[in-house]
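Beneath this line is the structure, given in structure tokens, with notes to follow.
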Amino acid sequence: MRILSNLLLMLLLCSMPWIGKAQNLSPELFPQPQHVVISNQQCKLTEGYALQGLSNPDADAVKLLKEALPFSQTGKARPLEIKKVKAKGPKMERSGAYILDISKKKITIEIIDDRSLFYAAQTLKQLVSYNEAGIRTLPICTIADYPDVLFRGSVEGFYGTPWSHADRISQLRFYGQSKMNTYIYGPKDDPYHSANWREPYPADQAAQIRELTAEAARNKVDFVWAIHPGQDIQ
């Protein structure tokens, strides 16, 4: 009976939420990277970082890094090194592939292209947390990631009321955060996509298209404008 009671007590303790949370050392990352090696050690972000390595790294990715990390120009700054990925197989040669290595002394990001750095920055932002003293921290970890699917995104190609301009801007930002890379513009109720496809957009609508392409570029999303010319084919 005593053995049975002890077993029941152990099962009860293991089922308690705080026990499960304490044992979960890996943060919730979305989308989940391909390979994650993470420790229970944390690096306090009490000192600033300074960019090293590649010259002229992608400005949009650097902006994300500066949102996540403190930066400093002093000699005590920790290095944040950006460099090209060395040969590690065909999967790590895909656009968007990266290796993020965080230690107490430095951060190293290995990339293939600008999209790689942008995706690594998105992952790093998700890794930042705050300890009980309110100090920003990062887990000591190494993450290697690459896309399984070449084209990742959506097609706005439905009939009915199209998305608003604000909706599309929001979608493109979500794609960047989620590491998607393709948006195909083709709402069937846009007359300049279908019946009037030979005619230029009015100035105000053309300006919105330019804003969408700029937002897509900032989020490393390929903006694809599609036409539906079937209505005037005779």
Side-chain angles (χ1 to χ4, degrees), residues 27-33 56-71 94-98 100 109 111-130 136 143 145-232:
E28 294 296 329
L29 298 175
F30 181 82
Q32 184 68 34
N56 300 317
D58 179 72
D60 303 307
V62 170
K63 180 181 178 182
L64 290 176
L65 292 172
K66 290 184 175 180
E67 291 174 358
L69 302 172
F71 272 71
R94 297 172 184 172
S95 175
Y98 66 88
L100 172 63
I109 303 176
I111 64 172
I112 291 294
D113 52 15
D114 288 347
R115 186 170 279 151
S116 302
L117 183 56
F118 187 81
Y119 290 172
Q122 293 285 6
T123 297
L124 192 146
K125 281 191 68 175
Q126 293 185 56
L127 289 169
V128 174
S129 61
Y130 290 83
R136 274 187 292 183
I143 295 175
D145 199 14
Y146 54 83
D148 277 326
V149 180
L150 183 59
F151 302 107
R152 309 174 300 281
S154 69
V155 181
E156 184 187 351
F158 51 83
Y159 290 89
T161 304
W163 288 338
S164 69
H165 185 61
D167 288 338
R168 293 179 182 129
I169 292 290
S170 178
Q171 282 286 309
L172 292 169
R173 291 173 181 171
F174 172 75
Y175 298 161
Q177 294 168 358
S178 303
K179 300 171 186 168
M180 294 189 279
N181 66 351
T182 304
Y183 166 69
I184 300 177
Y185 176 93
K188 298 300 180 287
D189 280 23
D190 177 353
Y192 297 95
H193 156 76
S194 54
N196 301 335
W197 67 273
R198 299 176 189 271
E199 302 176 16
Y201 277 95
D204 59 337
Q205 295 182 44
Q208 289 188 338
I209 295 292
R210 285 193 295 270
E211 290 177 9
L212 291 176
T213 59
E215 189 64 42
R218 280 191 289 270
N219 287 279
K220 307 301 171 273
V221 176
D222 295 330
F223 182 96
V224 181
W225 187 83
I227 61 171
H228 185 63
Q231 295 185 42
D232 74 346

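Note that the coordinates shown come from a computational prediction; the quantities given were computed from them, not determined experimentally.
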So how far is it from [X] [atom1] to [Y] [atom2], rounded to the nearest 0.5 Å?
{"X": "I111", "Y": "L117", "atom1": "CD1", "atom2": "CG", "value": "5.0 Å"}
{"X": "R218", "Y": "R173", "atom1": "CZ", "atom2": "CZ", "value": "7.0 Å"}
{"X": "T213", "Y": "D222", "atom1": "OG1", "atom2": "CG", "value": "12.0 Å"}
{"X": "L69", "Y": "K125", "atom1": "CG", "atom2": "NZ", "value": "10.5 Å"}

Taking all non-hydrogen atoms of both residues into account, name the closest pair between [X] and [Y] and its distance.
{"X": "A120", "Y": "I109", "result": "CB-CG2, 3.6 Å"}
{"X": "P147", "Y": "G96", "result": "CD-C, 4.4 Å"}
{"X": "D189", "Y": "P191", "result": "O-CD, 3.3 Å"}
{"X": "A68", "Y": "V128", "result": "O-CG2, 3.9 Å"}
{"X": "I143", "Y": "P33", "result": "CG2-CB, 3.6 Å"}
{"X": "V62", "Y": "P57", "result": "CG2-CG, 3.7 Å"}

Side chain proximity check, [X] to [Y], heavy atoms < 4.5 angstrom:
{"X": "R136", "Y": "P70", "value": "yes"}
{"X": "S154", "Y": "Y175", "value": "yes"}
{"X": "N196", "Y": "D190", "value": "no"}
{"X": "L100", "Y": "L124", "value": "yes"}
{"X": "L212", "Y": "I169", "value": "yes"}
{"X": "Y185", "Y": "I209", "value": "yes"}

Please report the C-alpha distance between F118 and K179 in whole Å, then the side-chain angles of each, then the deciding distance to 0.1 Å, and finally whether the side chain to side chain contact (heavy atoms under 4.5 Å, CB included) criterion is met. CA-CA 9 Å; F118 187 81; K179 300 171 186 168; over 6 Å; no

Check: [X] side chain, [Y] main-chain N or O, donor-acceptor pair, under 3.5 Å:
{"X": "K188", "Y": "G157", "value": "yes"}
{"X": "R152", "Y": "S178", "value": "no"}
{"X": "Q208", "Y": "H165", "value": "no"}

Which class fits the ring pair Y183 and F223: parallel under 30°, tilted 30 to 60°, perpendicular over 60°?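 Tilted, since the angle between the ring planes falls between 30° and 60°.
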
Determine the interplanar angle of the H193 and H228 rings, folded into 0 to 90°, and report it as parallel if under 30°, tilted if 30 to 60°, perpendicular if over 60°.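 Correct class here is parallel.
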
Is D113 paired with R94 through a side-chain N to carboxylate O contact shorter than 4.0 Å? no

Donor-acceptor pair between D167 and Q171 side chains, under 3.5 angstrom: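 No, no side-chain donor-acceptor contact under 3.5 Å.
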
Kindly write out the residues that satisfy side chain to side chain donor-acceptor pair (under 3.5 Å) with Q205, not counting sequence neighbours, or none if the list is empty.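 Result, side chain to side chain donor-acceptor pair (under 3.5 Å) vs Q205: none returned.
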
Check the pair E156, I184 against side chain to side chain contact (heavy atoms under 4.5 Å, CB included), reporting the backbone distance first and the verdict last. CA-CA 6 Å; E156 184 187 351; I184 300 177; over 6 Å; no

Evaluate the side-chain hydrogen bond (donor to acceptor under 3.5 Å, both in side chains) criterion for residues Y146 and S116: first the C-alpha distance (whole Å), next the side-chain angles of each, then the deciding distance (0.1 Å), finally the verdict. CA-CA 9 Å; Y146 54 83; S116 302; over 6 Å; no

By the definition side-chain hydrogen bond (donor to acceptor under 3.5 Å, both in side chains), identify the one residue from N181, D114, D60 that meets it with K220. D60

Take M180 and F151 through the test side chain to side chain contact (heavy atoms under 4.5 Å, CB included) and record every step on the way to the result. CA-CA 8 Å; M180 294 189 279; F151 302 107; over 6 Å; no

Any chance the rings of Y119 and Y98 have centres within less than 6.0 Å?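 That pair fails the under 6.0 Å test.
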
